[in-house]
Number of protein chains: 2
Amino acid sequence: MEYSVHVRMNERLFLRDPEGSDLGRRIVRQGILLFDEIGFEDATFRKLADRMGTKEASIYRYFENKHRLLVYLVAWYWQWLDFQLVFRTNNLADPHEKLERLLHLLLLTDLENPLTDDIDLRALHNIVICEASKAYLTRHVTEDNRQQLFKPYKDLVGRIAGIILELRPGYPYARSRASSLIETIHHQAFFMENLPSLTDFGQPKDQSKLLAFVRHLLFSSLAMPILD
Amino acid sequence: MEYSVHVRMNERLFLRDPEGSDLGRRIVRQGILLFDEIGFEDATFRKLADRMGTKEASIYRYFENKHRLLVYLVAWYWQWLDFQLVFRTNNLADPHEKLERLLHLLLLTDLENPLTDDIDLRALHNIVICEASKAYLTRHVTEDNRQQLFKPYKDLVGRIAGIILELRPGYPYARSRASSLIETIHHQAFFMENLPSLTDFGQPKDQSKLLAFVRHLLFSSLAMPILD
DNA sequence: CAAGATAGATAGTAATACTATCAAAATAGA
DNA sequence: TCTATTTTGATAGTATTACTATCTATCTTG
């Protein structure tokens with residue numbers, strides 16, 4: 001069975017809706033592959049245009065610049081993840097179990113279909129790990145934030161915080177716990193791959209040990225009483 | 001009492017040792033101020049030269065490029081912090097107390113002297129929060145790592161892991177715990193300032209609540225038995 | 001004081017990050 | 001189906017960036 005998620009994106013993320021034309025859809029899909037292959041810094045709209053057989057100027061009609069394309073891709077990912085989280089925890093009563101599902105989602109284990117709507121989710125996941133923080137680590141965060149560009153991330157964090165509060169009513173750090181969970185998983189995944197001595201995980205991608213670590217981190221903090 | 005730390009830096013971090021000349025020292029010190037003021041992306045060697053009353057070409061004699069300067073500054077910071085950690089936990093027996101000191105160091109609370117060797121530590125701390133991850137989030141991490149450019153960070157993580165193991169012998173995630181502690185503090189500090197809805201801390205820089213959060217996170221994970 | 005190293009000054013190049021314009025092609029509406 | 005409108009292609013051009021090269025002046029050091 002196939003589900004077409006069809007996320008409606010914030011209009012400020014683009015100049016012209018890329019999902020509204022064939023060229024636009026190709027910019028997004030090929031953009032993901034380009035960022036994944038050569039990295040955000042080395043990518044240019046010229047290279048993307050060349051690989052697509054189109055022109056730089058055409059891409060600029062959809063996205064103001066490369067950074068906005070990154071913000072779009074990352075926002076798309078968070079919306080997708082949020083939908084998946086709702087969908088996959090829909091039938092569950094136990095918040096503990098919900099968080100367990102979340103961990104698997106964040107690590108993109110048990111992904112049955114690597115292509116959603118022709119978007120390469122593994123490539124996008126890599127981009128999120130390696131480049132997502134560059135979406136907000138800029139001088140214009142405040143302005144971008146005012147334009148709601150990070151709303152999908154905030155919504156996801158809010159949703160996770162909600163589950164945390166189901167498990168542990170009154171927990172005073174639900175949002176920080178949620179955002180730090182996400183960032184920690186991505187950092188550790190990056191370190192495991194590139195700077196393994198900053199972790200305790202072997203180089204042959206010890207996904208299960210990483211999972212055990214974040215599970216331990218998350219549930220220990222939620223089990224412990226808060227002392228003031 | 002004044003301590004001149006005088007860290008000896010890895011020679012691959014620069015083309016010519018910036019601590020070996022007046023111009024070099026000014027590049028480092030003014031570079032910190034420039035990065036802090038306008039951010040890494042907007043900074044250029046031309047702007048740095050202009051602000052210093054020197055020429056672009058002179059700066060290129062010290063650092064291959066802007067990225068290398070960032071890596072240098074961040075490496076300097078980690079070496080400084082590692083020294084501070086050793087110095088300030090020197091006389092302590094209790095590893096719990098050592099970690100408590102570490103948390104204060106990482107947040108740069110109780111900093112008696114904001115200038116060390118004419119280096120603006122607050123500005124450098126801000127750079128570490130906002131830009132440090134760009135030092136390793138590149139395509140050439142592996143090559144940079146081979147050249148030992150991240151050794152100061154690894155050494156610090158190793159030292160913290162050591163303290164963790166004093167407190168909790170046999171803890172299987174000492175390095176990951178250490179690196180995720182550092183990254184979490186910086187992320188939450190950035191979010192608190194720029195995207196506060198990702199945290200539980202108020203906008204008037206609720207440093208003490210952030211401290212309470214990371215303390216809770218750290219010690220809950222170290223108190224909890226590991227279940228496999 | 002001479003030799004060598006360092007810094008200043010100027011120039012130049014390739015690539016990047018756009019913007020502008022106009023014609024061709026696709027499409028949508030009547 | 002013809003026409004009006006939108007979308008894309010193609011070309012060109014600009015300002016800035018990220019360097020490299022070279023030559024002269026200055027400053028050290030032996």
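Throughout, a chain's letter reflects where its sequence line sits, starting with A, and its residues are numbered from 1.
- For B:Y62, a side-chain nitrogen or oxygen approaches OP1 or OP2 of C:dA7 to under 4.0 Å.
- Side-chain rings of B:H187 and B:F191 approach one another, their centers coming within less than 6.0 Å.
- Side-chain N/O atoms of A:T44 include none lying less than 4.0 angstrom from OP1 or OP2 on C:dA15.
- Taking only side-chain nitrogens and oxygens, B:S21 comes nearer than 4.0 Å to OP1 or OP2 of C:dA7.
- To the nearest angstrom, P of D:dT8 lies 14 Å from CG of A:L48.
- Taking the nucleotide of DNA chain D with the nearest heavy atom to each of A:A57 and B:F45, the more 5' of the two is matched to A:A57.
- With the nearest nucleotide of DNA chain D identified for both B:N65 and B:R61, B:N65 has the one nearer the 5' end.
- A straight line from CD of A:E56 to P of D:dT14 spans 16 Å, rounded to a whole angstrom.
- Residue A:T54 has a polar side-chain atom (N or O) positioned under 4.0 Å from OP1 or OP2 of D:dG9.
- If you measure from atom CG of B:L23 to atom P of C:dA5, you get 18 Å, rounded to the nearest angstrom.
- Across all strands shown, B:E64 has heavy atoms under 4.0 Å from sugar-phosphate atoms exclusively, and none from any base.
- OP1 or OP2 of D:dG9 lies within a sub-4.0 Å distance of a side-chain N or O belonging to A:S58.
- A salt bridge links A:R51 with A:E37: the closest approach of a Lys/Arg side-chain nitrogen to an acidic carboxylate oxygen falls below 4.0 angstrom.
- Rounded to whole Å, the distance from CG on A:L15 to P on D:dT7 is 13 Å.
- B:K55 places its NZ atom 15 Å from the C1' atom of D:dT22, with the value rounded to the nearest Å.
- The separation between A:H67 atom NE2 and C:dT16 atom P is 19 Å, rounded to whole Å.
- Residue contacts for A:F63: at a heavy-atom cut-off of 4.0 Å it reaches no nucleic acid atom on any strand shown.
- Taking atom CZ on A:R25 and atom C1' on D:dT7, their separation rounds to 14 Å, with Å as the unit.
- Geometric assessment of B:K134 against the ring of B:F40 yields a negative cation-pi assignment under the 6.0 Å and 45° thresholds.
- With values rounded to the nearest 0.5 angstrom, A:K154 atom NZ is found 9.5 Å from A:L149 atom CG.
- Side-chain contact between B:R29 and B:D120 is absent, with no heavy-atom pair separated by less than 4.5 Å.
- When the P atom of C:dA5 is taken as reference, atom CZ of B:R16 falls 10 Å away, rounded to whole Å.
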